[in-house]
Visitor: 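My structure is below; once you've seen it, I'll send some questions.
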Amino acid sequence: METIRGRQSREMNAMDLRDLLAGYETISLDLGTGDGRFVCKNAEQNTGTFFIGIDSCRENLRVNSQRKLPNALFVIANAQSLPRELGGLVSCVSINFPWGSLIEGLLNNDARLLDGLARATRPRAMMDVSLNADALASAGWDLDSGANQIEWVLNAAGWQTRSRSDLTARDLREIPTTWAKRLAFGRNPRATRLALRKSSL
Ligand SMILES: C[S@@+](CC[C@H](N)C(=O)[O-])C[C@H]1O[C@@H](n2cnc3c(N)ncnc32)[C@H](O)[C@@H]1O
């Protein structure tokens, strides 16, 4: 898989990845990580967890991927073809404010995305998905029906809902991602969060 640090990219194979992750019990994957702020913040605060940020757009990752954090890694990949090297390693997935082909994949039950997530994660893995009204509107859905559709798709793919909640502007301000901050101070801060767990079957 292609990892990135600043302007440099490097291929990493499954053995290199396992060496890097050795000693970390919890591996967290942030899919559609954007500029990687969420990964860096969490890696600083939770040094016993390894954080992997994935995005298809390398430009946004130039700055934060240069940070020298021992428990963070950035990967350039499309969510519809997640790296095989991740197979069975991931214990938590976050998808914060997806848009474009990432939100389309969730809405349209894209098997490449869902199978990739199933392959990358451990049994009983956790998943948090935060959805905002404007991104769903761009895909042709309102917030409630779009969140219902994504919840249904994930449930059908074996991710059981643990909780679902509406996020207020104050909640958004507490989420350490660039997009959450933009939404919190923007004109349409409406958002919903789904917390799910992979069923053991
Ligand atoms: C609205 S931004 C949110 C970024 C970040 N999670 C945040 O909260 O600040 C959506 C991100 O999803 C990424 N994205 C969209 N489609 C993707 C795909 N198919 N695979 C990987 N990343 C994708 C975009 O490149 C963008 O960085």
Side-chain angles (χ1 to χ4, degrees), residues 1-4 9 28-45 51-65 67 72-86 90 92-121 126-141 143 146-147 149-150 153-154 157 165 167-196:
M1 63 185 187
E2 182 188 354
T3 66
I4 184 167
S9 61
S28 185
L29 170 65
D30 187 41
L31 188 54
T33 197
D35 63 5
R37 186 170 192 266
F38 183 82
V39 164
C40 291
K41 278 269 168 206
N42 279 298
E44 281 171 345
Q45 285 166 11
F51 292 86
I52 301 174
I54 293 189
D55 206 283
S56 51
C57 174
R58 66 189 65 235
E59 285 309 317
N60 294 343
L61 277 168
R62 295 276 187 230
V63 175
N64 283 328
S65 67
R67 302 273 309 276
L73 178 71
F74 291 101
V75 174
I76 300 299
N78 196 301
Q80 279 79 354
S81 83
L82 286 174
R84 296 247 162 210
E85 290 82 350
L86 294 175
V90 174
C92 308
V93 178
S94 50
I95 307 179
N96 293 314
F97 313 108
W99 69 14
S101 59
L102 183 49
I103 203 167
E104 294 283 355
L106 291 168
L107 286 164
N108 297 328
N109 201 4
D110 187 328
R112 295 168 305 164
L113 171 61
L114 295 161
D115 291 352
L117 282 170
R119 268 197 307 272
T121 47
M126 312 290 263
M127 186 188 298
D128 272 342
V129 183
S130 294
L131 302 161
N132 66 291
D134 282 348
L136 281 164
S138 306
W141 296 76
L143 179 60
Q149 170 69 7
I150 289 174
V153 164
L154 290 171
S165 50
L167 298 174
T168 62
R170 178 186 289 191
D171 295 327
L172 289 166
R173 285 200 292 274
E174 300 300 315
I175 301 176
T177 85
T178 296
W179 211 255
K181 301 281 176 285
R182 270 191 212 180
L183 292 170
F185 295 102
R187 272 186 306 180
N188 189 2
R190 296 180 56 240
T192 294
R193 177 174 178 265
L194 298 170
L196 308 111

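The figures here come from the full heavy-atom set of this structure, side chains too, leaving out hydrogens, waters and symmetry mates. Read the numbers this way: they start at 1 and go in the same order the structure lists the ligands and their atoms.
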Visitor: Between ligand 1 and Q80, is the shortest N or O to N or O distance under 3.5 Å?
Guide: yes

Visitor: Are L31 and L82 close enough that some pair of their side-chain heavy atoms sits under 4.5 Å apart?
Guide: yes

Visitor: Just by distance, with hydrogens left out, do S94 and D30 show a side-chain donor and acceptor under 3.5 Å apart?
Guide: yes

Visitor: Tell me, do L167 and N132 make a side-chain contact under 4.5 Å, heavy atoms counted?
Guide: no

Visitor: Does ligand 1 have any atom sitting under 4.0 Å from a heavy atom of A77?
Guide: yes

Visitor: At a 4.0 Å threshold, what atoms of ligand 1 neighbour a non-hydrogen atom of C57?
Guide: 25 (O)

Visitor: Look up atom CG in N64 and atom CD1 in I4, then write down how far apart they are to the nearest 0.5 Å.
Guide: 11.5 Å

Visitor: May I ask you to identify the nearest protein heavy atom to atom 24 (C) of ligand 1, giving residue, atom name and distance to one decimal place in Å?
Guide: W99 NE1, 3.3 Å

Visitor: Provide the number and element of each atom of ligand 1 under 4.0 Å from a heavy atom of L102.
Guide: 15 (C), 16 (N), 17 (C), 19 (N)

Visitor: Which one of G53, S56, S101, A79 has a non-hydrogen atom at the shortest distance from atom 22 (N) of ligand 1?
Guide: S56

Visitor: Using a strict cut-off of 4.0 Å, indicate which atoms of ligand 1 neighbour a heavy atom of N96.
Guide: 3 (C), 5 (C), 6 (N), 8 (O)

Visitor: Test your reading of the structure: does F97 have an N or O sitting under 3.5 Å from an N or O of ligand 1?
Guide: no

Visitor: Does R37 have more than 12 heavy atoms from other residues, nucleotides or ligands lying within 6.0 Å of its CZ?
Guide: yes

Visitor: With a 4.5 Å heavy-atom cut-off, do C40 and F74 have their side chains touching?
Guide: yes

Visitor: Looking only at protein heavy atoms, which one is nearest to atom 13 (C) of ligand 1, and how far off is it?
Guide: D55 OD2, 3.3 Å

Visitor: Is the side chain of S138 donor-acceptor paired with the backbone N or O of D134 at a distance under 3.5 Å, no angle test?
Guide: yes

Visitor: Under 4.0 Å, heavy-atom basis, I'd like to know which part of T33 is in contact with ligand 1: side chain, backbone, both or neither.
Guide: backbone

Visitor: Quick check: closest heavy atoms across V129 and L106, and the distance to 0.1 Å?
Guide: CG1-CD1, 4.5 Å

Visitor: Is there a donor-acceptor contact under 3.5 Å from the side chain of D55 to the main chain of G34?
Guide: yes

Visitor: Among all protein heavy atoms in this structure, tell me which lies nearest to atom 6 (N) of ligand 1, with the distance rounded to 0.1 Å.
Guide: G32 O, 2.8 Å

Visitor: To check your reading of the model: name the closest protein heavy atom to atom 8 (O) of ligand 1, its residue, and the distance in Å.
Guide: T177 OG1, 2.8 Å

Visitor: Note the single closest protein heavy atom to atom 9 (O) of ligand 1, along with its residue, its atom name and the distance in Å.
Guide: W179 N, 2.9 Å

Visitor: Considering the heavy atoms of G34, write down every atom of ligand 1 situated less than 4.0 Å from one of them.
Guide: 4 (C), 27 (O)

